[in-house]
2 protein chains.
Amino acid sequence: MRETLDRVLQLAVLLNEDMARDLERRGLPGSRAHLVWEIHKRGPSTQQALAQALRLTPRAITGLVDALVESGFVTREPHPTDRRATLVTFTKRGGMAARSLERDHIEFARKLFDDLTETTFHNFTRGLDEVLARLRDLLVSN
Amino acid sequence: MRETLDRVLQLAVLLNEDMARDLERRGLPGSRAHLVWEIHKRGPSTQQALAQALRLTPRAITGLVDALVESGFVTREPHPTDRRATLVTFTKRGGMAARSLERDHIEFARKLFDDLTETTFHNFTRGLDEVLARLRDLLVSN
DNA sequence: TATTGTTATACTCTATAACTATA
DNA sequence: TATAGTTATAGAGTATAACAATA
């Protein structure tokens with residue numbers, strides 16, 4: 001079991017490094033990509049909403065949004081009904097970047113799993129589901 | 001396939017968060033634990049060797065070792081034949097911490113996989129191996 | 001000359017606390 | 001009063017570059 005856990009951890013490390021390198025090439029180092037991904041999933045969002053979704057402080061979001069504004073991925077638009085709030089919104093460039101992330105994410109999944117037989121893939125997915133459920137249990141009762 | 005990749009990524013995130021929280025409780029926040037783990041695997045090591053193993057700059061290792069010396073996990077011992085180098089070496093406390101990490105790592109693997117039937121576990125491990133091999137291929141030819 | 005580790009400096013990401021404008 | 005976001009400040013982790021001691 002220890003060997004299997006070690007392999008899961010190594011898979012996590014390698015995926016992480018690979019994605020980080022890829023994102024850096026796109027001009028979206030580190031956490032900025034998470035923010036782009038979140039806006040892609042949610043649409044234009046207040047900074048509060050983003051802070052909660054990413055479990056960061058509002059201050060951290062301010063810094064990330066500043067960086068993404070500067071690099072031209074998003075703009076701060078006025079909230080239509082609450083003048084305290086801003087809606088972080090994709091520019092054309094930001095929207096294109098997000099859609100490109102999504103496409104390449106799917107393409108990457110295909111490359112990663114395409115070699116597996118249908119049975120192996122199915123069994124892997126099944127085991128993964130059980131492990132994930134078990135981990136969630138462990139975290140709740142931690 | 002996209003759903004399976006998403007689950008792998010979520011497993012990575014959850015494992016990461018869980019381990020980070022656990023390590024912080026032991027007084028080994030963030031990267032210091034990686035360094036302790038590496039010294040545990042390698043035995044007393046020069047900072048150069050640690051820099052290469054963790055793929056960090058020598059300067060980063062200096063900072064991590066400083067922190068571990070200050071918190072009493074390691075000492076810098078003179079290298080027996082090379083007076084430029086130091087051997088980063090566990091104190092009693094550091095050695096105990098490393099062995100405790102190892103024990104809990106194994107215990108965690110048991111908790112995570114114990115519910116799976118033998119067949120499910122075997123199939124999961126097998127799929128994991130293939131995915132890991134495939135990912136290594138992709139990284140080489142990136 | 002090359003290598004080991006350090007000092008000096010800077011950047012990113014994160015946090016807490018105090019503040020402004022609005023609700 | 002409470003909420004959205006900012007300014008001010010601090011700490012961890014990382015990097016590059018220049019340097020001292022040693023090989």
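In what follows, every chain begins at residue 1, and chains take the letters A, B, ... in the order their sequences are listed. No hydrogens, no waters, no symmetry mates; every other heavy atom, side chains included, goes into these values.
Checked against dT7(D), dA15(D), dT14(C), the side chain of Leu64(A) finds its nearest nucleotide in dT14(C). Considering only side-chain atoms of Arg83(B), the nucleotide from dA23(D), dG5(C), dA15(D) that sits closest is dA23(D). The listed nucleotides are dA4(D), dT7(D), dG5(C); the one nearest the side chain of Gln47(B) is dG5(C). Picking from dA15(C), dT14(D), dT6(D) the nucleotide with the shortest atom distance to the side chain of Ser31(B) gives dT14(D). Here the side chain of Arg84(A) is nearest to one of dG5(D), dT3(D), dT14(D), namely dT3(D). Nearest nucleotide to the side chain of Arg32(A), out of dT12(C), dG5(C), dA23(C): dT12(C).
Between Thr86(A) and dG5(D) there is a side-chain polar atom (N or O) within less than 4.0 angstrom of OP1 or OP2. Between Thr57(A) and dA15(C) there is a side-chain polar atom (N or O) within less than 4.0 angstrom of OP1 or OP2. Close to dA15(D), at under 4.0 Å from its OP1 or OP2, lies no side-chain N or O of Arg55(B).
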Derivation of the salt bridge (charged side-chain N to carboxylate O under 4.0 Å, His left out) call for Arg55(B) and Glu17(A): CA-CA 12 Å; Arg55(B) 286 191 289 171; Glu17(A) 287 178 0; 2.7 Å; yes

Verdict with supporting geometry, Asp22(B) and Arg25(B), salt bridge (charged side-chain N to carboxylate O under 4.0 Å, His left out): CA-CA 5 Å; Asp22(B) 178 62; Arg25(B) 269 189 240 118; 3.4 Å; yes

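Between Glu17(A) atom CD and dT14(D) atom P the separation is 12 Å, expressed in whole Å. Spacing between atom CD of Gln48(B) and atom P of dT6(C) amounts to 11 Å, rounded to whole angstrom units. The nearest whole Å value for the distance from the CZ atom in Arg21(A) to the C1' atom in dT14(D) is 17 Å. Between the CD atom of Glu77(B) and the P atom of dT4(C) there is a distance of 19 Å, rounded to whole Å. Look at CG on Asp66(B): it is 12 Å from P on dA12(D), rounded to the nearest Å. Between His79(A) atom NE2 and dG5(D) atom P the separation is 8 Å, expressed in whole Å. Between the CD atom of Glu70(B) and the C1' atom of dA12(D) there is a distance of 14 Å, given to the nearest Å. Going from atom NE2 of His34(A) over to atom P of dT12(C) covers 17 Å, rounded to whole Å.
In this structure, the ring of Trp37(A) has its center no less than 6.0 angstrom from the ring center of His34(A). Under the 6.0 Å cut-off for aromatic ring centres, Phe124(A) and Phe124(B) qualify, their centroids lying closer than that.
Residue-to-nucleotide proximity on DNA chain D shows that, of Asp82(A) and Arg59(A), the 5′-proximal contact is made by Asp82(A).
Residue Gln52(B) holds its CD atom at 8.0 Å from OG1 of Thr46(B), rounded to the nearest 0.5 Å.
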